[in-house]
Novice: 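Would you mind keeping the following structure in view while I ask a few things?
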Amino acid sequence: MSSSVSVAAEWDLLSDRFYRRITIYSPLPWSSPATTTASSSGGGSSGVGRLDLSTHIVAAAPFGGPIAAVRDDSKIVQLHSEPSRRRLLLFSSSGHPLASSPWTPHLPRLHSLAFSSSLNLLALLSDGSLLRFRLPDLNPITSSSPVPLLPPASGGVADAVFWGGGVAILTEDNRVVVTTDIEVDDPHPRELADPGVAEDEQVLCMAVVEPQFVMSGSPEVLLAVGDRVVAVDEDGVQVLGEALEIGPVQKMAVSPNGKLLAAFAHDGRLLVIPTDFSRIIFEYECDSALPPDQIAWCGLDSVLLYWSEVLLMVGPNGDPVQYNYDEPVMLIPECDGVRILTNSSMEFLHRVPDSTTLIFGIGSMSPAALLYDARDHYDKQSAKAYDNYQLISSSLPEAIEACIDAAGYEFDVSRQHTLLRAATYGLAFCSRFPHGRFQEMCKILRVLNAVRDPEIGMPLTVKQYKLLTATVLIGRLINANQHLLALRISEYLNLNPEVVIMHWACEKITASAAIPDVVLLEGLLDKLRLCKGISYAAVAAHADNSGRRKLAAMLVDHESQSSKQIPLLLSIDEQDKALQKSIESGDTDLVYLVLFHIWQKISVEKSAPLDFFGVINARPLARDLFIAYARHSKHEALKDFFLSTGRLQDAGFLLLKESRELERNPMASKGSPLHGPQVRLVEQAHRLFAETKEHLFESKSAEEHAKLLRVQHQLEVSTKQAIFVGSSVSDTIKTCIVMGNERAAVKVKSEFKVPDKRWYWLKSCALATVGNWDALETFSREKRPPGGYKPFVEACIDAGQKTEALKYIPKLTDPGERSEAYARLNMTEEAKKAASEANNGDELFGRLKSTLAQNTLIDTLRDRLSFQGTY
């Protein structure tokens, strides 16, 4: 049990809970006078020298993230071996330099540094503008010019609080500006309600309740103004805790869950209250009324206060715990504790887990402690091991779980092994305990120990690892260029290594500017082939963006997915290959994508499309798709294609279609502007048809159509009425006669060789339409109609003029026609008489039956015909 006593001796009791301070890294490399940074965007390497937290503006990322520092130009410092020009420095949590970049001179004074949730470094300047840097090379994001976050004439930054996705800024004129989209290239800051700070008042401190802890989803800013605290948001301002009489608050910190607030009052009291200030949960009177330099939560159970050389941990009950430091300290809050950064070490202060307390607590006789002791006796080959087992046999699963859980919270590898060996001793006697739990913890510890190595410098705890997830951890490793470790962890946890290999390949291309493309390609393919289904197109796109287009073309040939391969081929001007690949894929959408891209490029460059036509004409699928699309929207391009490929008849049909569309255009009814182009289109179609022997009919038809359009255009001009174009020859003649322009009608008849028989039909119909019965009668007497008088009869009957019709019915030579005419006029007796004279009585009877409605008359007529032998 002596080992348990030595372990527990490192703990500190706060109320009824134990806390321990673990030294993770010591000494830190920057504490030695000859520290050298890795090569960076500033070019080459540069000596960093000793890093003093008191003379630098420092920021540390959560979850064991990196540390950034810039020398504070508001302080007078003694330079040792470091250069006089300020530099932006980046270190791992173990103090190993990662990058260094010269700080841009002539910028406004740096106010603070912070890390975003995606591990971009943020630098807030005193004028309220923001600089963002990408890790690990510290290259500026988007541009080197700062992004303004404050409105003009705001007076600059008085105070600021960062959280993962945003920042709240208190301006010197006491306005509050919040930005919640700080990760985007163009953030949109917004000003909250006026906090109502009088001219003679001063904002003593501020804190922020993050958006995820507020019902409205927007951050809530707490300001200590005079002897009150106000909550400021977009909707308004609320004064909090007036009934509590807290007095002026000089420091505030919100708990990790957003529910509690630690506040240091002017009289030296530390108060813990809900964020709604409904009550005081507990208070502690500190020895000093001076406000602490830093205040932070250690988990949810205690609060840390730091004054120069003194770190005080206060809990809900009992005496506080005091730690003394002879060097500057920076508190880095984590979800389960606080990292303590000094000039020479990195420590982790957290609450001792319950499982660890059960095992190593002084005098503990818990099943977990007895199992741990049993393993110790077993290693010594002592019979007491079995005695301990018998004492805890009924509680063995709980003891095993405690040993496994405690191993996860340990940073010391040897202690992890000891606890896991104790768990395996219990597993030998407990078949009902899930062995997967033990295997899972072993995997987690192997990963954690790997990333905690000083060369990597990510001191994650098991709780932080579970919150961060393995996928995010791998992402952080590859962003830190730790590709080998990231790959091994991916393989060990059975995760897809594609993202690791792709990132390595992109970084390899960036760093290998002097290596020939062929040699570099072989090295890349050796690694890329390790992952099936990896996106070669993404790597090729990076090569193209890096100015290595030949390498990109060679890489994209290995891409198996056409949907990724073809767009990249287009981006690197490999149109022919892209078209061929799209056709081979059978995906018409991809074929269209290539066709549109090539056609757009032709339009932009204003080059001749003949080469394009030749390319698609040799590929049937591309040709047919282009024709199908062009028929709906690009007639001119389709006409050029038909002409360039010798398909004259198709070009002719397309011209006729265009002429019909002009005819249907609403403007066509308003006069003659479109008639000229329409005629020209038809004439062009005629000439194209005339060049092919197989389309003589189409050629003649187009010629006649053009001639008709010209005649109709002349008629519209002479009559000043747009009623001719688009009608047929017959309708044109009828319209002329209706308008009284018989000379024009005769001219149209002559030009288009209209037969006399049709002429009589058209003129009879036209005269009947206007009711010019005298002219109709005169026309009937001019000469014997070539088709008889049936056109006159039909025109009169259709016009409802029985009297006029009776003038011409007797002149019908065919008895059947006379019978039908009389029947249409409901003259039954005359119809009977005419029918009796007909020879085709059977056929006539059928027509009369559909004409006459009186069945008795039909029966009588049928008997009469039968009697005469005609039925």
Side-chain angles (χ1 to χ4, degrees), residues 14-15 19 54 112 158-163 168 170 174 176 195 197 201-210 213 220-232 239-325 328-334 337-340 349:
L14 180 66
S15 184
Y19 285 78
S54 63
S112 54
D159 200 356
V161 176
F162 285 88
W163 68 92
L170 175 68
N174 295 322
V176 179
V197 181
E201 291 182 320
Q202 180 181 2
V203 178
L204 301 175
C205 61
M206 69 181 294
V208 174
V209 183
E210 297 181 20
F213 304 129
E220 184 178 78
V221 180
L222 304 178
L223 299 179
V225 183
D227 58 354
R228 68 186 187 278
V229 176
V230 296
V232 185
V239 180
L240 302 175
E242 289 181 294
L244 300 180
E245 297 182 355
I246 298 174
V249 175
Q250 297 178 313
K251 282 285 184 180
M252 292 188 294
V254 180
S255 63
N257 62 3
K259 296 181 179 180
L260 302 176
L261 179 74
F264 187 87
H266 71 293
D267 55 2
R269 288 182 302 157
L270 173 66
L271 306 171
V272 174
I273 51 182
T275 51
D276 60 359
F277 282 67
S278 58
R279 61 191 178 94
I280 297 177
I281 297 177
F282 84 89
E283 64 178 271
Y284 172 78
E285 291 189 6
C286 300
D287 295 336
S288 173
L290 294 175
D293 298 329
Q294 300 176 60
I295 181 171
W297 283 82
C298 183
L300 296 174
D301 302 315
S302 62
V303 178
L304 293 178
L305 305 171
Y306 173 71
W307 292 269
S308 179
E309 299 184 355
V310 175
L311 179 64
L312 190 68
M313 180 167 61
V314 181
N317 297 299
D319 295 331
V321 176
Q322 179 174 320
Y323 302 99
N324 296 318
Y325 290 89
V329 165
M330 178 180 179
L331 302 180
I332 308 169
E334 297 284 3
V338 171
R339 279 190 291 154
I340 303 173
L349 176 61

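Heavy atoms only: backbone and side chains are in, while hydrogens, waters and symmetry mates are out. Nothing fancy with the numbering, it's 1 onward along the sequence.
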Novice: Please list, chain by chain and in numerical order, all residues satisfying side chain to side chain contact (heavy atoms under 4.5 Å, CB included) with Glu283, sequence neighbours excluded.
Specialist: Arg269, Leu271, Ile280
Novice: Please tell me if the side chains of Leu240 and Ile273 come closer than 4.5 Å, counting only heavy atoms from C-beta onward.
Specialist: no
Novice: Sequence neighbours left out, what passes side chain to side chain donor-acceptor pair (under 3.5 Å) with Thr275? Give chain and number order.
Specialist: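 In terms of side chain to side chain donor-acceptor pair (under 3.5 Å), with neighbours along the sequence ignored, Thr275 is linked to no residue.
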Novice: Output every pair passing salt bridge (Lys or Arg N to Asp or Glu O under 4.0 Å) with a member in residues 284-308, not counting sequence neighbours, ordered by first then second residue.
Specialist: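 The answer is Asp301-Arg351.
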Novice: According to side chain to side chain donor-acceptor pair (under 3.5 Å), who are the partners of Glu210, at least two apart in sequence or on a separate chain?
Specialist: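 Result, side chain to side chain donor-acceptor pair (under 3.5 Å) vs Glu210: Gln212.
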Novice: In chain order, what residues pass the side chain to side chain donor-acceptor pair (under 3.5 Å) check against Ser54, with sequence neighbours excluded?
Specialist: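 By the side chain to side chain donor-acceptor pair (under 3.5 Å) rule, Ser54 matches Asp52.
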Novice: Only counting residues at least two apart or in another chain, list the ones meeting side chain to side chain contact (heavy atoms under 4.5 Å, CB included) with Val225.
Specialist: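 Applying side chain to side chain contact (heavy atoms under 4.5 Å, CB included) to Val225 gives Val197, Glu201, Val203, Leu223, Arg228, Val230.
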Novice: Where the side chain of Trp297 meets the backbone of Ala253, is there a donor-acceptor pair that is under 3.5 Å apart?
Specialist: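 Here the side-chain-to-backbone pair exists.
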Novice: Identify, with sequence neighbours excluded, every residue that meets side chain to side chain contact (heavy atoms under 4.5 Å, CB included) alongside Pro292.
Specialist: Lys251, Phe264, Leu305, Trp307
Novice: Mind checking whether Leu311 and Leu304 have side chains closer than 4.5 Å, heavy atoms only?
Specialist: yes
Novice: Under 3.5 Å, which donor-acceptor pairs link side chains of residues 315-323 to any protein atom two or more places apart or in another chain?
Specialist:
{"residue": "Gln322", "atom": "NE2", "partner": "Asn324", "partner atom": "OD1", "Å": "3.0"}
{"residue": "Tyr323", "atom": "OH", "partner": "Asp12", "partner atom": "OD2", "Å": "2.8"}

Novice: Check side chain to side chain donor-acceptor pair (under 3.5 Å) between Glu334 and all other residues, then give those that pass, not counting sequence neighbours.
Specialist: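 Partners of Glu334 under the side chain to side chain donor-acceptor pair (under 3.5 Å) test: Arg339.
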Novice: Please name all residues satisfying side chain to side chain contact (heavy atoms under 4.5 Å, CB included) with Pro333, sequence neighbours left out, ordered by chain then number.
Specialist: Ala296
